[in-house]
Participant: 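Sharing a structure here in structure tokens format.
Letters A, B, ... mirror the listed sequences (proteins, then strands); counts begin at 1. Quantities reported herein were computed from a predicted structural model and do not represent experimental measurements.
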Protein chains: 2
Amino acid sequence: MQVSKREHIVAQADRLFYEQGYEFTSFAHIAEAVQISRGNFYYHFKSKDEILEAVIARRLANTHAMLDAWQLQGDSPRARIDCFIQILVANSSKILKYGCPLGSLTSELAKLNHQALDRANDLFSLFRQWLGEQLVVLGFSPQQADTLAMHLLARSQGIATLANAFNDMAFIEQEVKLLNQWLDLQIQSLPR
Amino acid sequence: MQVSKREHIVAQADRLFYEQGYEFTSFAHIAEAVQISRGNFYYHFKSKDEILEAVIARRLANTHAMLDAWQLQGDSPRARIDCFIQILVANSSKILKYGCPLGSLTSELAKLNHQALDRANDLFSLFRQWLGEQLVVLGFSPQQADTLAMHLLARSQGIATLANAFNDMAFIEQEVKLLNQWLDLQIQSLPR
DNA sequence: GCCGCACTAGGACACTTGACCTACAAGTTA
DNA sequence: TAACTTGTAGGTCAAGTGTCCTAGTGCGGC
């Protein structure tokens, strides 16, 4: 049960870091959520940074798994990119409450000048690269694909931030529609 | 000198909240920055929330002043909206380091469930309304104008977030160009 | 001169933080 | 039985937190 227990701790920490932020979440918070004593905590993780590291590793692994699933699920690059866009809708209720898990963690770590910032940014890079690959398959040059991937990421981030600020679910749906229109336009303008 | 001193404290707190985040910034940090003793601090502000309130009020006032200046400076609504877009470029070096002051504060307060969140969101609303007004003058319906204003805000937020994560100044310039193109396209498609 | 006032320094307070330790129970191995 | 590993509980530590108090400064008005 040791693996499962550790996994349980990381999962709760992941949730709390997302919902409350890293800085605000203390050992006591996590320990209480996992129902273990504060002291016992130190057996599994010997510093707060170590938990953060584990949480980021977990997110990276989950993201990898998700991207792989999309790769199988979507039967065209366009459909796969749609999977990416749709997470805004799928996770909308959480986004309204807590914002984007990616963006909020990254910006918090950036402010704290935390050493794990680079690892957190790897999450962004993962999406960036994957989106780029899909776009290359669609016929864009690697450079064009990367530019479009960054644009997609930025749009998603902005949508999440504003939806969070104004607690506006309709805004998400509206912008998702615009994002799809924009993407189709880009694909249409490809030389064939 | 009491006004000036208080103003000085708020200015430093504003800077530190932006650069380090609200949660992480302590009384000691601010007191040290202002060169006063920690205890003295309590004479001017009797709680941390009160400082936050003052900082937000300051930002609201500054934003108001900025929007008024744009109103005089830009001789057309299109030129005024360009002022808004250009702050991404003007503040790019700070954005690369700390992200967007608006978005990062809002998302942090949202996570902390802080009561001042609504006041912080007023900052967003200020831009939203001002942008909407400009777009109405351009000929859009109030509803269209608000939709476009929200879109503009979201794009800006996304650009700031991604630029911050990847520390990429070229990305800002690239996206600013796209934003201008998009806006001109919207204006062109207006019925006349 | 004296008083009142805006302002300041420094510390006390109760509490929380991450970090660390010891004690111990249960299970495994020898 | 004895030694060892694994996991847990609970307490302790120094440092730091926001809050609050008191003593005192300098200065303008009376």
Participant: Quick one: CZ on B:F41 to OG on B:S47, what's the gap to the nearest 0.5 Å?
Facilitator: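 Separation between the atoms: 10.0 Å.
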Participant: Output the rounded distance in Å from CD1 (A:I51) to C1' (C:dA19).
Facilitator: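 A:I51 atom CD1 is separated from C:dA19 atom C1' by 12 Å.
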Participant: If every non-hydrogen atom of B:P77 is compared with every non-hydrogen atom of B:Q134, which pair is closest and at what distance?
Facilitator: CB-O, 3.5 Å
Participant: Taking only heavy atoms on the protein side, list every residue of residues 104-113 of chain A lying under 4.0 Å from any atom of DNA chain C, sorted numerically.
Facilitator: none
Participant: Measure the shortest side-chain to side-chain distance between B:L52 and B:I56 over non-hydrogen atoms and say whether it is less than 4.5 angstrom.
Facilitator: yes
Participant: Verify ring-ring contact (aromatic ring centres under 6.0 Å, His included) between A:F127 and A:F84, making sure each step is shown before the conclusion.
Facilitator: CA-CA 9 Å; A:F127 279 108; A:F84 169 78; 5.6 Å; yes
Participant: Quick one: is D:dT6 close enough that its OP1 or OP2 comes under 4.0 Å of any side-chain N or O from A:H44?
Facilitator: no
Participant: In B/S/- notation, 5' to 3', how is nucleotides 9-20 of chain D contacted by protein heavy atoms closer than 4.0 Å?
Facilitator: BBBB----SSBB
Participant: Show me, pair by pair, the donor-acceptor contacts under 3.5 angstrom made by side chains of residues 175-187 of chain A, not counting sequence neighbours?
Facilitator:
unit_1, atom_1, unit_2, atom_2, d
A:E175, OE1, B:H151, ND1, 3.0
A:E175, OE2, B:H151, ND1, 2.9
A:N180, OD1, A:R78, NH2, 2.9
A:N180, ND2, A:V176, O, 3.4
A:D184, OD1, A:R78, NE, 2.8
A:D184, OD1, A:R78, NH2, 3.2

Participant: Measure CZ/A:F45 against C1'/C:dC20 and give the value in whole Å, please.
Facilitator: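 Rounded to whole Å, this separation is 17 Å.
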Participant: Atom CD1 of A:I9 to atom C1' of D:dT8: distance rounded to whole Å?
Facilitator: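 Rounded to the whole Å, the gap is 11 Å.
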Participant: Does NZ or CZ of B:R15 come closer than 6.0 Å to the centre of the six-membered ring of B:Y98, within 45° of the ring's axis?
Facilitator: no
Participant: When rounded to the nearest 0.5 angstrom, what distance separates OG in B:S92 from CD in B:E173?
Facilitator: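 Going from OG on B:S92 over to CD on B:E173, the span is 7.0 Å.
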Participant: Can you check the B:H8 NE2 to C:dA6 P distance for me, whole Å?
Facilitator: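 Nearest whole value for this atom pair: 22 Å.
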Participant: Give a yes or no on whether a salt bridge exists between A:R58 and A:E7, defined as a side-chain N under 4.0 angstrom from a carboxylate O.
Facilitator: yes
Participant: How many whole angstroms separate atom OH of A:Y43 from atom C1' of C:dT22?
Facilitator: 16 Å
